[in-house]
Undergrad: 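First, the structure itself, so that you have it in front of you.
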Amino acid sequence: MAKAQHHLKDPTNKHSFFEDVWDVARQIPKGRVTSYGAIANYLGTKMSARMVGWAMGAAGNAKPKVPAHRVVNSVGLLSGKMHFGPHDEMQKRLEKEKIKIEKDKVVDFEKVFWDPAKELML
DNA sequence: TAACTGACTCGGC
DNA sequence: AGCCGAGCCAGTT
């Protein structure tokens, strides 16, 4: 069998790791947050939580929109806030969803934490 | 093509 | 309780 796809640039066929990450992120309920590691774990690659964060960076081009602001690090810190813009847009969005932020950290992180591996459980 | 990078995480000091 | 180093994967240069 010859390799049929050398230069796959087909937008309809881009089921990459990023797409999977975005798909999970889009299912995060409003007013809840999750961590990069949690998403990575759900996808089976728990050791590469970095990739999840990376996927978030590319989420800007994703359609429909990906609530990347609902994804924080394992301690509830808004580690990616700087990628939302020069201002604290990430924090503003979270506060808009009734999520309280203090010193760039999610208050009651464990309460609002949403684990795809448990909640989504598919 | 090989090397580097990075919105992470965990374990040890 | 806070800081440091190593492991990890995939996309980018």
Side-chain angles (χ1 to χ4, degrees):
Chain A
M1 302 295 268
K3 298 177 188 174
Q5 301 164 328
H6 285 181
H7 50 68
L8 57 153
K9 270 301 189 185
D10 185 20
T12 63
N13 191 30
K14 58 174 182 178
H15 34 58
S16 56
F17 186 82
F18 285 26
E19 271 281 332
D20 293 335
V21 174
W22 297 339
D23 190 44
V24 175
R26 278 191 280 251
Q27 298 179 66
I28 303 173
K30 185 181 177 186
R32 296 292 189 107
V33 296
T34 191
S35 67
Y36 306 97
I39 295 177
N41 182 37
Y42 174 74
L43 293 178
T45 59
K46 57 182 179 182
M47 288 180 175
S48 34
R50 289 179 149 193
M51 284 280 72
V52 176
W54 217 297
M56 289 296 119
N61 297 327
K63 292 167 295 191
K65 254 288 190 178
V66 177
H69 60 281
R70 294 180 191 149
V71 184
V72 298
N73 70 0
S74 61
V75 298
L77 198 64
L78 279 58
S79 51
K81 64 175 240 170
M82 48 170 132
H83 288 265
F84 277 82
H87 312 293
D88 298 318
E89 186 175 332
M90 186 177 185
Q91 178 172 334
K92 290 179 182 176
R93 290 193 182 203
L94 288 172
E95 291 177 332
K96 201 170 184 177
E97 297 182 0
K98 304 295 184 284
I99 296 176
K100 306 192 73 175
I101 308 298
E102 192 170 311
K103 295 179 184 175
D104 297 338
K105 189 175 64 182
V106 176
V107 179
D108 294 329
F109 178 55
E110 296 184 4
K111 290 183 180 178
V112 297
F113 183 72
W114 181 82
D115 188 355
K118 292 182 179 179
E119 307 294 336
L120 199 51
M121 222 198 270
L122 294 177

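To find a chain, count down the sequence lines: A is the first, B the second, and so on, and within it residues start at 1.
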Undergrad: Write down the protein N/O and nucleotide N/O pairs, taken from nucleotides 5-8 of chain C, whose separation is under 3.5 Å; answer none if there are no such pairs.
TA:
residue	atom	partner	partner atom	Å
C:dG7	O6	A:Arg50	NH2	2.8

Undergrad: Should A:Val21 and A:Val71 be regarded as members of a common hydrophobic cluster, given that ILVMFWY residues are connected when their side-chain heavy atoms come within less than 4.5 Å of each other, either directly or indirectly?
TA: yes
Undergrad: Applying a strict under-4.5 Å side-chain criterion to I, L, V, M, F, W and Y, I'd like to know whether A:Trp114 and A:Val112 cluster together.
TA: no
Undergrad: Take the protein atom CG of A:Asn73 and the nucleotide atom C1' of B:dC10, then report the distance between them rounded to whole Å.
TA: 13 Å
Undergrad: Measuring only between side-chain heavy atoms, which start at C-beta, is A:Pro116 closer than 4.5 Å to A:Gln27?
TA: no
Undergrad: Give me the one residue out of A:Lys92, A:Glu97, A:Glu89, A:Lys96 that meets side chain to side chain donor-acceptor pair (under 3.5 Å) with A:His69.
TA: A:Glu97
Undergrad: For A:Leu77 and C:dG2, give me the distance from atom CG to atom P, rounded to whole Å.
TA: 12 Å
Undergrad: Can you check nucleotides 10-13 of chain C for protein contacts, nitrogen or oxygen pairs under 3.5 Å, and list what you find?
TA:
none

Undergrad: Taking OH from A:Tyr36 and P from B:dA7, how many angstroms apart are they, rounded to a whole number?
TA: 9 Å
Undergrad: May I ask you to verify if any side-chain N or O of A:Ser74 is less than 4.0 angstrom from the OP1 or OP2 atom of B:dT9?
TA: yes
Undergrad: Kindly compute the distance separating CG (A:Asp88) from CG (A:Leu78), expressed to the nearest 0.5 Å.
TA: 8.5 Å
Undergrad: Measure from CG on A:Leu78 to P on B:dC8 and round the result to the nearest Å.
TA: 12 Å
Undergrad: With hydrophobic residues grouped by side-chain heavy-atom distances under 4.5 Å, do A:Met56 and A:Met82 end up in a single group?
TA: no
Undergrad: Output the rounded distance in Å from NZ (A:Lys105) to P (C:dA1).
TA: 11 Å
Undergrad: Is A:Gly57 touching bases, backbone alone, or none of the nucleic acid, heavy atoms closer than 4.0 Å?
TA: base
Undergrad: Mind checking A:Ala55 for me? I need base, sugar-phosphate or nothing, with any heavy atom below 4.0 Å counting as a touch.
TA: nothing
Undergrad: Whole-Å distance between B:dT9 P and A:Asp115 CG?
TA: 12 Å
Undergrad: Look at the side-chain heavy atoms of Ile, Leu, Val, Met, Phe, Trp and Tyr, link any pair under 4.5 Å apart, and say whether A:Ile99 and A:Phe109 land in one connected group.
TA: yes
Undergrad: Give the cluster check for A:Ile28 versus A:Phe18: same hydrophobic cluster or not, with ILVMFWY residues linked at side-chain heavy-atom distances below 4.5 Å.
TA: yes
Undergrad: Measure the distance from CZ on A:Phe109 to C1' on B:dT9 and round it to the nearest whole Å.
TA: 12 Å
Undergrad: How many Å lie between CG on A:Asn41 and C1' on B:dC10, as a whole number?
TA: 14 Å
Undergrad: Any side-chain heavy atom of A:Arg93 within less than 4.5 Å of one from A:Arg70?
TA: no
